[in-house]
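Below, read A as the first sequence line, B as the second, and so on, with proteins coming before strands; counting in each chain starts at 1.
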Amino acid sequence: MSITAIKGFNDILPGEVEKWHHIEAAARDVFSRFGFSEIRVPILEKTDLFARSIGDTTDIVEKEMYSFIDKGENRITLRPEGTAGVMRAFIEHKLYALDPLSKLYYMGPMFRYERPQKGRYRQFHQIGAEVTGVANPKIDAQVLTMLSRFFTELELDEPTLEINSLGCPECRPAYRETLKEFLRLKLDALCEDCCRRFETNPLRALDCKVEGCKTATAGAPAMLEHLCTGCDTHFASTREYLELVSTRYRINNRMVRGLDYYTRTTFEMVTGLLGAQSAVAAGGRYDGLISDLGGPQVTGIGFAVGVERVALLLDAAKFSSSPDLFIVALGEQSERRAFSIACELQARGVSVEFDYDGKSMKSQMRRADKLSCSFTLIIGESELASGKAPLKEMATGVQTEVTLDTDSIANHLKS
RNA sequence: GUGGCUAUGGUGAAGUGGUUAACACUUACGACUGUGACUCGUACAUACGUGGGUUCAAAUCCCACUAGCCACCCCA
């Protein structure tokens, strides 16, 4: 067996990439309409950045990071998500000094050492967007609307938006205790994992898929009912703005987050079409993150879209493109002529194919058909002599005589 | 890290102990010597993931390993 790719690392082959181009183009198009600029940050960062931002005790940091020591004995990590790096850059370059309000987006590979399964890979790709410096819930609603817009531009109506509020350092600790009080009485009904997480992350029990846990937590107190006044009005206002522009959403008061930095608004775009992986995009507000990382006291909100997961929802067949013209050439002189005509047409924006190996006319026609070329131009001895050649429209079989110069060929292709 | 399933050519796949590994697609060439798509013909696995074992005989049974997939955990 020859060398294969690393487990969980995939090649994106021709036929599949077109889908990716489409997704990326839709993101660029939509995000820029909402005033976002692209930012490109490194794939490797110091390990501490992720440990501090994502949270020391999260699964990502505890067991999923690709971390190693480089030759200078620096502890570095292949980024498991995008927000930390973007915020590091925001702080490092003091972008806030220029304008505390920034709207940034990024796209690229992320790495997590997990067992691969459907819609989950060790190298995967995210398209993300981050806003800093706006505390007003208008931005929550706008970011959510932009995310919804992105999916509708892709003609995907399946993923639905779910939102929740996780409160803030003011109200979450109290709620956490209230919830623990409730769960304490149900401990024997909860699954092993939930019991284990009782101290570290009791909120997770609300999102557990085990039947016993679902029934046991059915009447559990909800975060939404324990928000402080500030968080409560923030959430209400977010909803109001969403409704103002008819952005469809559903409240899911059991949604929790795997990263520590989230506060207040959190959300996911969920689908039932991807097996165990229901989230195709997720995000939330992170009001404390930037200052935690040594930056100024500015708020943030953002999301990340799982590109593989979106790609899984899209039909690959729809995005292939085919050449405008195939030039069939018979004989050496014709081949030379075909070569230069092709080159000239390519220079003016026409996509042209021709045969490289002096194959038979039948072979060349077959190839033209296989590549779904719109037109075929046939050049042989007599065409060279007369300066005119048949141009065949493949779909209809209709053939017209054209003069053998790029202008007239190009003109005929347009019609 | 744990569990389940699977492993035959470029692809999808038949074949569950016995001489030539079915079929379809793809690819190449040809029938139509200068016109594709339809049709027809021809060609294409030093042999069945790897290593061992059982047997007179294994792609077919057993064991181990590896890989892939799906699921748990967690997440995009």
Side-chain angles (χ1 to χ4, degrees), chain A residues 1-8 10 23 54 57-65 79-83 107-128 147 159 191-194 196-197 201 204 207-210 255-259 267-271 274-284 302-313 326-331 334 355 357 359-384 389-399:
Chain A
M1 193 46 161
S2 51
I3 296 175
T4 57
I6 302 169
K7 182 203 281 286
N10 299 122
I23 294 168
I54 298 169
T57 60
T58 57
D59 274 32
I60 293 177
V61 171
E62 275 185 347
K63 50 184 205 192
E64 294 173 2
M65 294 207 303
R79 63 181 186 194
E81 57 101 42
T83 303
M107 49 184 73
M110 307 293 162
F111 305 84
R112 291 195 338 207
Y113 194 90
E114 301 178 89
R115 274 292 264 281
Q117 68 190 73
K118 189 180 181 68
R120 161 195 289 173
Y121 312 100
R122 289 185 172 179
Q123 179 183 112
F124 62 103
H125 296 75
Q126 290 187 333
I127 298 175
L147 182 58
C191 72
E192 234 179 278
D193 291 318
C194 287
R196 198 193 67 229
R197 287 187 296 245
N201 189 2
R204 270 284 307 164
D207 197 32
C208 188
K209 286 166 197 135
V210 178
M255 182 169 65
V256 297
R257 303 273 65 197
L259 283 62
F267 51 92
E268 285 181 359
M269 295 289 306
V270 297
T271 176
L274 292 180
Q277 266 61 244
S278 56
V280 294
F303 62 79
V305 178
V307 182
E308 289 66 8
R309 292 182 184 180
V310 175
L312 247 18
L313 298 175
F326 191 100
I327 306 181
V328 172
L330 289 325
S334 307
D355 166 67
D357 297 318
K359 290 214 177 121
S360 70
M361 175 163 199
K362 183 180 197 65
S363 282
Q364 297 188 48
M365 289 300 294
R366 275 188 178 158
R367 184 157 182 84
D369 183 60
K370 186 187 157 196
L371 298 173
S372 325
C373 297
S374 311
F375 290 90
T376 303
L377 182 71
I378 298 160
I379 305 178
E381 306 265 321
S382 54
E383 286 75 17
L384 248 27
L391 180 72
K392 181 172 189 174
E393 184 177 7
M394 296 301 270
T396 60
V398 174
Q399 221 161 276

J.: Would you classify Arg115(A) as touching base, sugar-phosphate or nothing, given that sugar-phosphate means primed atoms plus P, OP1 and OP2, and contacts are heavy atoms under 4.0 Å?
T.: base

J.: Could you check how far CZ of Phe375(A) sits from C1' of G36(B), rounded to whole Å?
T.: 15 Å

J.: Base, sugar-phosphate, or nothing: which does Gln399(A) touch, judged by heavy atoms less than 4.0 Å apart?
T.: base

J.: If C61(B) has a Watson-Crick or G-U wobble mate with both distances under 3.5 Å, name it; if not, just say none.
T.: G53(B)

J.: Roughly how many Å apart are U8(B) and G49(B), using the C1' atom of each and rounding to a whole number?
T.: 10 Å

J.: Which whole number of Å gives the distance between the C1' atom of G52(B) and that of U66(B)?
T.: 14 Å

J.: For the pair made of CD in Glu114(A) and P in C69(B), what is the distance, rounded to whole Å?
T.: 14 Å

J.: If you look at every heavy atom in Arg309(A) and Ala279(A), which pair is closest and at what distance?
T.: NH1-O, 2.9 Å

J.: For a quick test of reading the model: is some side-chain N or O of Lys362(A) closer than 4.0 Å to OP1 or OP2 of A28(B)?
T.: no

J.: Which of the following nucleotides, C70(B), A28(B), C75(B), is nearest to the side chain of Arg204(A)?
T.: C75(B)

J.: Do the non-hydrogen side-chain atoms of Asp355(A) and Ser363(A) ever get within less than 4.5 Å of each other?
T.: no

J.: Tell me the partner of A7(B), counting only Watson-Crick (N1-N3 plus N6-O4 or O6-N4) or G-U wobble (N1-O2 and O6-N3) with both under 3.5 Å; none if nothing fits.
T.: U66(B)

J.: For the pair made of CZ in Arg79(A) and C1' in A76(B), what is the distance, rounded to whole Å?
T.: 13 Å

J.: What is the base-pairing partner of C48(B), counting Watson-Crick and G-U wobble geometry with both distances under 3.5 Å?
T.: none

J.: Need one value for Ser363(A): base, sugar-phosphate or nothing, where a base atom within 4.0 Å counts as base even if backbone is also close, heavy atoms only.
T.: sugar-phosphate

J.: Map Tyr113(A) and Arg257(A) onto RNA chain B by nearest heavy atom, then report which one ends up closer to the 5' terminus.
T.: Tyr113(A)

J.: If you measure from the C1' atom in G18(B) to the same atom in G12(B), how many Å do you get, rounded?
T.: 28 Å

J.: Name the residue closer to the 5' end of RNA chain B, choosing between Pro390(A) and Pro116(A) according to the nucleotide with the nearest heavy atom.
T.: Pro390(A)

J.: With both distances under 3.5 angstrom, what nucleotide forms a Watson-Crick or G-U wobble pair with A76(B)?
T.: none

J.: Select base, sugar-phosphate, or nothing to describe what Gly283(A) touches, counting heavy atoms under 4.0 Å on all strands.
T.: nothing

J.: OP1, OP2 of A37(B) versus side-chain N and O of Lys370(A): anything below 4.0 Å?
T.: no

J.: Please indicate whether Arg367(A) has more than 12 foreign heavy atoms, meaning atoms of other residues, nucleotides or ligands, lying under 6.0 Å from its CZ.
T.: no

J.: What is the distance from NZ of Lys63(A) to C1' of C75(B), rounded to the nearest Å?
T.: 11 Å

J.: Check every strand shown and say whether Ala368(A) touches a base, only sugar-phosphate, or nothing at a heavy-atom separation below 4.0 Å.
T.: nothing

J.: Could you check whether Ser382(A) gets within reach of a base, just the sugar-phosphate, or nothing at all, counting any heavy atom under 4.0 Å?
T.: base

J.: When both hydrogen-bonding distances must be under 3.5 Å and the geometry is Watson-Crick or G-U wobble, what is U35(B) paired with, if anything?
T.: none

J.: What's the gap between A64(B) and C70(B) when it is taken at their C1' atoms, as a whole Å value?
T.: 23 Å

J.: Specify the separation, in whole Å, of atom CD1 of Ile327(A) and atom C1' of G36(B).
T.: 16 Å

J.: How is Asp369(A) classified with respect to the nucleic acid when contacts are heavy atoms under 4.0 Å: base, sugar-phosphate, or nothing?
T.: base

J.: With a 4.0 Å cut-off on heavy atoms, is Gly397(A) in touch with a base, just the backbone sugar-phosphate, or nothing at all?
T.: base

J.: What's the shortest heavy-atom distance between Thr376(A) and Met365(A), and which atoms?
T.: CG2-SD, 3.8 Å

J.: Can you see if the side chain of Arg367(A) gets near the phosphate of G36(B) - specifically, an N or O under 4.0 Å from OP1 or OP2?
T.: no

J.: Taking atom P of U26(B) as reference, at what distance in whole Å does atom CG of Leu371(A) sit?
T.: 15 Å

J.: Does Gln117(A) put a side-chain nitrogen or oxygen below 4.0 Å from OP1 or OP2 of C70(B)?
T.: no

J.: Base, sugar-phosphate, or nothing for Lys392(A), non-hydrogen atoms under 4.0 angstrom?
T.: base

J.: Say you pick atom P in A24(B) and the same atom in G41(B); how far apart are they, in whole Å?
T.: 10 Å

J.: As a test of reading the structure: which of G34(B), A76(B), C73(B) is closest to the side chain of Ala282(A), going by heavy atoms?
T.: A76(B)

J.: For A67(B), take OP1 and OP2 only and decide whether either is under 4.0 Å from a side-chain N or O of Thr4(A).
T.: no

J.: When you compare C65(B) with A7(B), how far apart are their C1' atoms, in angstrom units rounded to a whole number?
T.: 13 Å

J.: Rounding to an integer number of Å, can you tell me how far Met365(A) CE sits from C38(B) P?
T.: 13 Å

J.: In whole angstrom, give the distance that lies between atom CG of Asp59(A) and atom P of C73(B).
T.: 11 Å

J.: Could you check which nucleotide pairs with U19(B) in any of the strands shown, counting Watson-Crick or G-U wobble with both distances under 3.5 Å?
T.: none

J.: In Watson-Crick or G-U wobble terms, both distances under 3.5 Å, what is the partner of U2(B)?
T.: A71(B)

J.: From C-beta outward on Glu383(A), which listed nucleotide comes closest to its side chain: G36(B), G34(B), C75(B)?
T.: G34(B)

J.: Let me confirm one number: the CE-CD distance from Met110(A) to Glu81(A), rounded to the nearest 0.5 Å.
T.: 7.5 Å

J.: So, does Gln277(A) get its side chain near the phosphate of C75(B), meaning an N or O under 4.0 Å from OP1 or OP2?
T.: no

J.: Side-chain contact test, heavy atoms from C-beta onward, threshold under 4.5 Å: evaluate it for Pro390(A) versus Glu383(A) and give yes or no.
T.: yes

J.: For A37(B) versus C25(B), give the span between their P atoms, rounded off to a whole number of Å.
T.: 14 Å

J.: With a sphere of 6.0 Å drawn around CD of Glu381(A), does it hold more than 12 non-hydrogen atoms of other residues, nucleotides or ligands?
T.: no

J.: Side-chain donor or acceptor of Arg366(A) under 3.5 Å from a matching atom on the base of A37(B)?
T.: no

J.: Look only at the side chain of Arg122(A) and the backbone of Glu114(A), and say whether a donor-acceptor pair between them is shorter than 3.5 Å.
T.: yes

J.: Among Glu308(A), Arg112(A), Lys7(A), which residue meets the side-chain contact (heavy atoms from CB on, under 4.5 Å) test with Tyr121(A)?
T.: Glu308(A)

J.: Ignoring hydrogens and geometry beyond distance, is the side chain of Gln364(A) in donor-acceptor contact with the base of U35(B) at under 3.5 Å?
T.: no

J.: How far does the P atom of A59(B) sit from the matching atom of U19(B), given to the nearest Å?
T.: 10 Å

